[in-house]
Amino acid sequence: MAKSKYEYVKKFERNDSLLPNTWLVIRVDGRGFHKFSDKHGFVKPNDQKALELMNKCAENVMNDFRDIVLAYGQSDEYSFVLKKECSLYDRRETKIVSTIVSLFTSNYVFNWNKYFPDKELLYPPSFDGRVVQYPDDNNLRDYLSWRQTDCHINNLYNTCFWALVHSGKTETEAENVLRV
Ligand SMILES: Nc1nc2c(ncn2[C@@H]2O[C@H](COP(=O)(O)OP(=O)(O)O)[C@@H](O)[C@H]2O)c(=O)[nH]1
Ligand SMILES: [Mg+2]
């Protein structure tokens, strides 16, 4: 079939293939979840149901994308690890990231009622996504340690902060106690 005169526009498309033989880590993160968790009355510091919903989304993403070998989540974020030899979408970055983020987000909305039967979803949540490539197994291990450490630091701080507030301190007083 003859090509149309418009075919040339494809030449403007950018090649965004990810490096071969590298671990691919896709991290999705809730956009504006400070406000989202407030508006939906999430328990502080950790809302069990909200975390279970995040886990459900990740489980469904893993079941769909079989190249994902490991996932780790905390708070409003989830990291997905794809095999070094993964050839999903010819390793095209935008295709991989956008489909994983969109599947995660649609699952969040789709499953909301199962985890919060008495809570109306007040507005559509969204997540951003990025990919990082790690050539070495140790880099990947350090990436996961970094996210795990972040989780521990935040949880330690938030648990102490809310315990102080619940014991009668104002939020400013609690902040000052923990700053020392
Ligand atoms: N109350 C509550 N808030 C949470 C929970 N998980 C995440 N959040 C909120 O979501 C935010 C996530 O951090 P970050 O991504 O940096 O903030 P964002 O830019 O507003 O999405 C946290 O700072 C909390 O305010 C939870 O289980 N309970
Ligand atoms: Mg966020």
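By the 4.5 Å heavy-atom criterion applied to side chains, D137 and K84 are counted as neighbours. Contact check for I96 versus V131: no side-chain heavy atoms found under the 4.5 Å cut-off. A heavy-atom distance below 4.5 Å is not found between the side chains of R27 and F80. The closest side-chain heavy-atom distance from D29 to D76 is below 4.5 Å. The closest side-chain heavy-atom distance from L121 to H40 is below 4.5 Å. Within the 4.5 Å cutoff, side-chain heavy atoms of T172 are placed close to those of N176. For the pair D128/V101, no side-chain contact is recorded, criterion being any heavy-atom separation below 4.5 Å from C-beta on.
Under the side-chain hydrogen bond (donor to acceptor under 3.5 Å, both in side chains) criterion, N158 pairs with no residue, sequence neighbours left out. Remark: K35 pairs with no residue by the side-chain hydrogen bond (donor to acceptor under 3.5 Å, both in side chains) rule, at least two apart or across chains. For D38, the salt bridge (charged side-chain N to carboxylate O under 4.0 Å, His left out) criterion is met by K44, not counting sequence neighbours. Judged as a side-chain hydrogen bond (donor to acceptor under 3.5 Å, both in side chains), and not counting sequence neighbours, R14 has no contacts. The side-chain contact (heavy atoms from CB on, under 4.5 Å) check on R66 picks up N63, with sequence neighbours excluded. Partners of Y108 under the side-chain hydrogen bond (donor to acceptor under 3.5 Å, both in side chains) rule, at least two apart in sequence or in another chain, do not exist in this structure. Under the rule for a side-chain contact (heavy atoms from CB on, under 4.5 Å), the partners of K56 that lie at least two apart in sequence or sit in another chain are E59, N60, N111, Y115. Taking the salt bridge (charged side-chain N to carboxylate O under 4.0 Å, His left out) definition, one finds that D136 meets it with nothing, sequence neighbours left out.
Looking at R31 and S126, their side chains do bring a donor and an acceptor atom within 3.5 Å of each other. Side chains of S98 and R92: a donor-acceptor N/O pair is absent below 3.5 angstrom, by distance only.
Taking the ring centroids of F42 and F33, they lie at or beyond the 6.0 Å cut-off. Close placement of the F36 and Y123 rings is indicated, their centers lying within 6.0 Å of each other.
In the hydrophobic clustering of this structure, L51 does not group with F116; members are Ile, Leu, Val, Met, Phe, Trp, Tyr whose side-chain heavy atoms approach within less than 4.5 Å, directly or through other members. By the rule that hydrophobic residues join a cluster once side-chain heavy atoms approach within less than 4.5 Å of another member, F110 and L122 end up as members of separate clusters.
The two residues T159 and N155 make their nearest non-hydrogen contact at OG1-O, 2.6 Å. Pairing each heavy atom of F104 with each of A58, the nearest pair is CE1-N, 3.8 Å. What you find for M62 and A71 is that their closest heavy atoms are SD-CB, 3.7 Å. Nearest approach of V109 to P125, heavy atoms of both residues: CG2-CD, 3.8 Å. Nearest heavy atoms, C57 versus N107: SG-C, 3.7 Å. Summarising the geometry of P135 relative to N139, their closest heavy-atom pair is CD-OD1, 3.5 Å, with the distance given to 0.1 Å.
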Is there a side chain to side chain contact (heavy atoms under 4.5 Å, CB included) between I68 and I100 once you walk through the steps? CA-CA 10 Å; I68 299 172; I100 287 181; 4.3 Å; yes
Worked check of side chain to side chain contact (heavy atoms under 4.5 Å, CB included) between E93 and S17: CA-CA 6 Å; E93 176 175 359; S17 291; over 6 Å; no
Pair K10-E13, salt bridge (Lys or Arg N to Asp or Glu O under 4.0 Å): steps then yes or no: CA-CA 6 Å; K10 289 186 73 176; E13 286 179 16; 5.8 Å; no
Between D90 and K95, is the side chain to side chain contact (heavy atoms under 4.5 Å, CB included) condition met? List the steps. CA-CA 9 Å; D90 290 330; K95 292 273 275 187; over 6 Å; no
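Annotation: E120, atom CD; neighbour count of heavy atoms from other residues, nucleotides and ligands within 6.0 Å does not exceed 12.
Hydrophobic cluster membership for L70: W23, V25, V69, Y72, V81, V132, Y134, L140, Y143, L144, W146 (Ile, Leu, Val, Met, Phe, Trp, Tyr linked by side-chain heavy atoms under 4.5 Å, directly or transitively). W162 belongs to a hydrophobic cluster whose other members, connected by ILVMFWY side-chain contacts under 4.5 Å either directly or through intermediates, are Y157, F161, L164, V165, V177, L178. Other residues sharing a hydrophobic cluster with F12 under the 4.5 Å side-chain heavy-atom criterion for ILVMFWY residues are Y8, V9.
W112 places a side-chain N or O within donor-acceptor distance of the main-chain N or O of K119, the cut-off being under 3.5 Å. Judged by distance alone, with hydrogens and angles left aside, the side-chain atoms of R130 form no donor-acceptor pair with the main-chain N or O of I26 at under 3.5 Å.
Rounded to the nearest 0.5 angstrom, E85 CD and L82 CG are separated by 10.5 Å. Atom-to-atom distance recorded for S79:OG and Q74:CD is 8.0 Å, nearest 0.5 angstrom. Rounding to the nearest 0.5 Å gives a distance of 5.5 Å between NZ of K83 and CG of D67. S37 contributes atom OG, which lies 11.0 Å from atom CG of N46 (distance to the nearest 0.5 angstrom).
The salt bridge (charged side-chain N to carboxylate O under 4.0 Å, His left out) contacts involving residues 146-173 comprise E77-R147, R147-D150, where partners must be two or more places apart or lie in separate chains.
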